[in-house]
2 protein chains.
Amino acid sequence: MSDLLERLRGRGWRLTAQRRVVAEVLDGDHVHYTADEVHAAAAERLPEISRATVYNTLGELVSLGEVIEVTTDGRAKRYDPNAHHAHQHLVCAKCGTIRDVHPSGDLLADLPTQERYGFAISAVEVTYRGLCPDCAA
Amino acid sequence: MSDLLERLRGRGWRLTAQRRVVAEVLDGDHVHYTADEVHAAAAERLPEISRATVYNTLGELVSLGEVIEVTTDGRAKRYDPNAHHAHQHLVCAKCGTIRDVHPSGDLLADLPTQERYGFAISAVEVTYRGLCPDCAA
DNA sequence: TCTTGACTTAGACATTGTCCAATGTAGGAT
DNA sequence: ATCCTACATTGGACAATGTCTAAGTCAAGA
């Protein structure tokens, strides 16, 4: 995602300090931040940044396909910058840790035609749930 | 789910009018209501029922394994009474309609051991997304 | 029928997200 | 280099969903 800013500028994005900071936060460790966590991390570098701007910017990044929105519980959405590699998620039922995983096989092929009800299916999301090694102990 | 009330009584549930009405609402058409929709439907039969009781009862039914909690977007959770038949969900990206579907194959087997990071995996949730026939038109 | 511990209620509160009017500014035009 | 202006940001009000608590109510066993 290092050339993200270039790609965005190419699409007519106005490059502001706020947007740069949000993009840099997501570009860091491969984590799954909530919007509030992104805001907190961004505010360390740019203290006046507002929540509204973080929400706006995250929404734009999602629309542009640069970031994926993940909802593993009913709580806050999380933002996954690993949008250019198809992957699924493994979630600890106890501590909530999220890991990216890569199932084998064609997930779409598992749904028979008569189970598609005429839908034009474009995406499959899989969440594996269980206990991580720490919580299982 | 017709013998639900019997099963619950067997587990020491105190059977109140409120709980009966919530269970009856879920037992109706095979829909995926939000908590507020359950509350509205329940209030038609029992006008004084409170939101808190509906939330409590739904939470209990989920804990008891009688109902499944589904989060397909970041909005309200939905409650699926079809808990005794393993199934997954097909969601229309435009209108939000949800259908229960039954993929073939062993979904768990698709995740290689080295992609499990030591987790003890106990469940797999799959959401297929696409446009339903009406919205695709 | 009495008693009691579990259940329900109303409403305050918490979390997450959205919207708006006022203000600021990036980047093209001059 | 400076100016313009459309687009971006801000702060705070508002909305949607869910949780908690103290006080009152009731199902079901004795």
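Each chain gets a letter, A, B and so on, in the order its sequence line appears, and its residues count up from 1.
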Enquirer: Ignoring backbone atoms, establish whether A:Thr16 has a side-chain N or O less than 4.0 Å from OP1 or OP2 of D:dC7.
Expert: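 Looking at the OP1 and OP2 atoms of D:dC7, neither is under 4.0 Å from any side-chain N or O of A:Thr16.
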Enquirer: Check B:Arg99 with A:Glu115, please: is the shortest side-chain N to carboxylate O separation under 4.0 Å?
Expert: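 Answer for the salt bridge query: no.
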Enquirer: How do B:Trp13 and B:Ala76 order along DNA chain D: which one's closest nucleotide is nearer the 5' end?
Expert: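 This one resolves to B:Ala76.
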Enquirer: Take atom CG of B:Leu58 and atom C1' of D:dG18, then tell me their distance rounded to the nearest Å.
Expert: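 Result: 12 Å.
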Enquirer: Pick from A:Val70, A:Val91, A:Thr71, A:Leu90: which one makes a side chain to side chain contact (heavy atoms under 4.5 Å, CB included) with A:Thr127?
Expert: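 Among A:Val70, A:Val91, A:Thr71, A:Leu90, the one meeting side chain to side chain contact (heavy atoms under 4.5 Å, CB included) with A:Thr127 is A:Val91.
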Enquirer: Tabulated below should be each protein N or O lying under 3.5 Å from an N or O of nucleotides 22-26 of chain D; please produce it.
Expert:
none

Enquirer: Rounded to the nearest 0.5 Å, what's the gap from CG on B:Leu131 to SG on B:Cys95? Could you check?
Expert: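 It is 8.5 Å, given to the nearest 0.5 Å.
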Enquirer: Between A:Glu66 and A:His84, is any side-chain donor less than 3.5 angstrom from a side-chain acceptor?
Expert: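 Checked: A:Glu66/A:His84 side chains pair up, N/O donor to acceptor below 3.5 Å.
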Enquirer: Closest to the A:Thr53 side chain: D:dT9, C:dG17, C:dT16?
Expert: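 The closest nucleotide is D:dT9.
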Enquirer: Please determine, by modelled atom types, if B:His87 and B:Asp80 share a side-chain donor-acceptor pair under 3.5 angstrom.
Expert: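 The answer is yes; a qualifying pair exists.
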Enquirer: In whole angstroms, how far is the P atom of C:dG17 from the CZ atom of B:Arg75?
Expert: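 From B:Arg75 CZ to C:dG17 P: 10 Å.
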Enquirer: Check this one for me: any side-chain N or O of A:Ser50 less than 4.0 Å away from OP1 or OP2 of D:dT9?
Expert: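 No, because none of the side-chain N or O atoms of A:Ser50 sits under 4.0 Å from OP1 or OP2 of D:dT9.
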Enquirer: It should be established whether A:Tyr55 places a side-chain nitrogen or oxygen under 4.0 Å from OP1 or OP2 of nucleotide C:dT18.
Expert: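 A:Tyr55 to C:dT18 OP1/OP2: no side-chain N or O under 4.0 Å.
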Enquirer: Would you call A:Arg19 and A:Glu60 a salt bridge, using N to O less than 4.0 angstrom?
Expert: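 So A:Arg19 pairs with A:Glu60 through a salt bridge.
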Enquirer: Would you say a side-chain N or O of A:Arg19 is under 4.0 Å from OP1 or OP2 of D:dA8?
Expert: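 It does, given that an N or O in the side chain of A:Arg19 lies less than 4.0 Å from OP1 or OP2 of D:dA8.
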Enquirer: For the pair made of CG in A:Asn56 and P in C:dT25, what is the distance, rounded to whole Å?
Expert: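 Those two atoms, CG and P, are 17 Å apart.
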Enquirer: Using whole Å, report how far CD of B:Glu69 lies from C1' of D:dG18.
Expert: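 Whole-Å distance recorded here is 11 Å.
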Enquirer: Within the structure, does a side-chain N or O atom of A:Gln18 lie under 4.0 Å from either OP1 or OP2 of C:dG24?
Expert: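 So the side chain of A:Gln18 is outside the cut-off, no N or O lying under 4.0 Å from OP1 or OP2 of C:dG24.
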Enquirer: Is there a donor N/O on one and an acceptor N/O on the other, under 3.5 Å, for the side chain of A:Arg51 and the base of C:dG17?
Expert: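 Yes, a donor-acceptor pair under 3.5 Å.
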Enquirer: Answer yes or no: does a side-chain N or O of A:Arg9 lie under 4.0 Å from OP1 or OP2 of C:dA26?
Expert: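 Result: no.
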Enquirer: Rounded to whole Å, how long is the line connecting atom NE2 of A:His39 with atom P of C:dG17?
Expert: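 Spelled out: NE2 on A:His39 to P on C:dG17 is 13 Å.
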Enquirer: CZ of A:Arg20 versus P of D:dA8: gap in Å, rounded?
Expert: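 My rounded result for the distance is 15 Å.
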Enquirer: To the nearest Å, how far apart are A:Lys77 NZ and D:dG18 P?
Expert: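 A:Lys77 atom NZ is separated from D:dG18 atom P by 13 Å.
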Enquirer: Under 3.5 Å, is there a donor-acceptor pair between the A:His32 and A:Asp100 side chains?
Expert: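 A:Asp100 and A:His32 do have a side-chain donor-acceptor pair below 3.5 Å.
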Enquirer: How long is the line joining CD of A:Glu60 and P of C:dG17, in whole Å?
Expert: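 Result: 16 Å.
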